[in-house]
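Heads up, the thing below is written out as structure tokens.
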Amino acid sequence: MNARFANKAIIVTGAGSGLGQAVAVRLAEEGASLSLVDVNRQALETTKAAILDAAPQAAVLLLTANVANEQEVEAYVADTVAEYSRIDGLYNNAGVEGKQAPLAEYGSEEFDRVIDINLKGVFYSLKHVLPHMKSQGSGAIVNAASVGGIRAVPNQVGYGASKHAVAGMTKDAAIEYGQFGVSINAIAPGAIMTAMVKGSLIQIGGEDGWEEAGKQFVSVNPMRRFGEPREVASLVAYLLSQEAEFINGAIIPIDGGQSQAY
Ligand code: NAD
């Protein structure tokens with residue numbers, strides 16, 4: 001594989017699991033120096049082990065932080081610059097699904113929690129990373145939206161609100177910072193089999209019925225299956241690479257075509 005990310009320093013948030021982990025491994029395989037951020041230290045250690053298996057020479061900095069806390073975001077950005085002297089890429093991926101319930105029964109505290117992590121977490125890291133990319137005159141950012149950020153998904157008002165806002169913020173940031181050589185895009189994954197989607201299916205079908213709920217869920221997908229984390233990793237790596245330099249402000253679905261169906 002070409003070393004598209006040789007001498008590139010890239011931050012991945014929520015790197016301890018699922019899509020963040022898959023992206024981190026893929027970037028390391030292509031030569032990136034990584035700053036991996038997660039609230040769960042143990043999960044970060046697991047990702048580091050997976051990276052060193054796949055890419056033994058990879059530079060990996062582990063930073064435990066809650067993306068919903070601006071001071072902790074400031075600190076992981078500063079630690080990354082102290083380690084690598086620059087920030088070439090950012091995958092703003094940390095997020096939570098939240099408890100499922102119809103809007104009037106959706107707890108206000110749960111709404112705040114989901115917005116704090118999924119929306120403010122992305123805002124804080126854009127706010128603290130962009131000045132570095134602006135002064136470098138280059139950089140690429142990918143934000144994790146969701147099909148829940150471009151279409152309605154029932155019983156997930158906090159999630160849907162946060163992800164639509166991430167899509168909007170991506171466009172705003174893109175038109176402000178494109179002039180400085182920085183590209184900012186978002187991905188809108190459909191159901192990709194990770195811990196988050198398993199948790200969601202358990203909320204729908206229970207511990208005994210989640211696999212059946214999953215089968216029903218994908219029965220209406222044009223491709224009749226869940227996506228795989230490695231497929232998302234491939235898209236994110238492309239968007240973070242120089243090959244995608246002129247793609248800016250795009251919200252790119254990766255969902256087997258499901259969001260186009262009526
Ligand atoms: P996941 O639950 O497997 O992983 C999320 C990671 O984020 C975990 O390691 C968790 O510890 C970390 N995290 C959670 N809150 C955090 C916080 N406050 N600060 C720092 N780290 C935190 O989830 P995933 O499926 O890999 O999803 C990753 C992102 O992709 C999320 O933003 C999610 O909304 C989005 N997404 C996922 C899917 C999917 O089908 N899996 C679909 C659409 C969008």
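Worth saying up front: this structure is predicted, and the values here are computed from it rather than measured. Just follow the structure's listing: the first ligand is 1, and inside any ligand the first atom is 1.
- Salt bridge R41/E45: present, at least one basic N to carboxylate O contact under 4.0 Å.
- Annotation for Y159: hydrophobic cluster partners, listed by chain and number, are M196 (ILVMFWY side-chain heavy atoms under 4.5 Å, direct or chained).
- Using cut-offs of 30° and 60° on the angle between ring planes, the pair F226 and F217 is parallel.
- For the pair T47 and V12, the minimum side-chain heavy-atom distance is 4.5 Å or more.
- No side-chain N or O of E245 forms a donor-acceptor pair with one of S183 less than 3.5 Å apart.
- Looking only at distances, no side-chain donor or acceptor of E105 sits under 3.5 Å from a matching main-chain atom of P102.
- Distance from atom 43 (C) of ligand 1 to its nearest protein heavy atom, with residue and atom name: P189 O, 3.2 Å.
- Not a single heavy atom of F226 lies less than 4.0 angstrom from ligand 1.
- Among protein heavy atoms, the minimum distance from atom 23 (O) of ligand 1 is reached at M196 CB, 3.5 Å.
- Within the 4.0 Å heavy-atom criterion, the part of T194 lying near ligand 1 is the side chain and not the backbone.
- In the vicinity of I117, heavy-atom distances shorter than 4.0 Å reach the ligand 1 atoms 15 (N), 18 (N).
- Of the protein's non-hydrogen atoms, the one nearest atom 40 (O) of ligand 1 is I192 N, 2.7 Å.
- Each of the following atoms of ligand 1 lies closer than 4.0 Å to a heavy atom of G18: 3 (O), 26 (O).
- The shortest heavy-atom distance from P229 to ligand 1 is not under 4.0 Å.
- Using modelled atom types, one side-chain atom of N248 and one backbone atom of A174 make a donor-acceptor pair closer than 3.5 Å.
- Short contacts between ligand 1 and V197, defined as distances under 4.0 Å to a heavy atom of the residue, involve ligand atoms 39 (C), 40 (O), 41 (N).
- Using a 4.0 Å cut-off to heavy atoms of A191, the atoms of ligand 1 that qualify are 40 (O).
- A side chain to side chain donor-acceptor pair (under 3.5 Å) with R4 holds for exactly one of E243, E29, Q242; it is E243.
- Relative to atom 32 (O) of ligand 1, the option among N93, D255, N92 with the closest non-hydrogen atom is N93.
- Those atoms of ligand 1 with a heavy atom of A65 less than 4.0 angstrom away are 19 (N), 20 (C).
- For atom 37 (C) of ligand 1, the nearest non-hydrogen atom of the protein is L19 CD1, 3.7 Å.
- The proximity of K163 to ligand 1, defined as any non-hydrogen pair under 4.0 Å, is limited to the side chain.
- Every atom of ligand 1 is numbered from 1 in the order shown, and the set under 4.0 Å from a heavy atom of G14 is 6 (C), 7 (O), 12 (C).
- Looking at every heavy atom in both residues, G148 comes nearest to H164 through O-ND1, 3.1 Å.
- Distances from atom 38 (C) of ligand 1 to the heavy atoms of P253, A15, G16, G190 show the closest one on G190.
- Counting protein heavy atoms only, atom 21 (N) of ligand 1 is closest to V39 N, 3.3 Å.
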Step by step, work out the side-chain contact (heavy atoms from CB on, under 4.5 Å) result for Q258 and R151.
CA-CA 10 Å; Q258 193 165 356; R151 294 287 182 268; over 6 Å; no

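- Residues that satisfy the side chain to side chain donor-acceptor pair (under 3.5 Å) test with D88, not counting sequence neighbours, are R86.
- Looking from atom 19 (N) of ligand 1 to the surrounding protein, the closest heavy atom is V67 N, 3.0 Å.
- Checked against V114 for a side chain to side chain contact (heavy atoms under 4.5 Å, CB included), the options I117, D112, N118 give a single hit: N118.
- Close approach to N66 involves these atoms of ligand 1, each under 4.0 Å from a residue heavy atom: 17 (C), 18 (N), 19 (N).
- The protein atom (non-hydrogen) at minimum distance from atom 10 (C) of ligand 1 is D38 OD1, 3.5 Å.
- Residue contact check: A145 has heavy atoms under 4.0 Å from atoms 44 (C) of ligand 1.
- Salt-bridge formation is detected for the pair E110/R113: a Lys NZ or Arg NE/NH1/NH2 atom is positioned less than 4.0 Å from an Asp or Glu carboxylate oxygen.
- Here the heavy atom of the protein found nearest to atom 3 (O) of ligand 1 is S17 OG, 2.6 Å.
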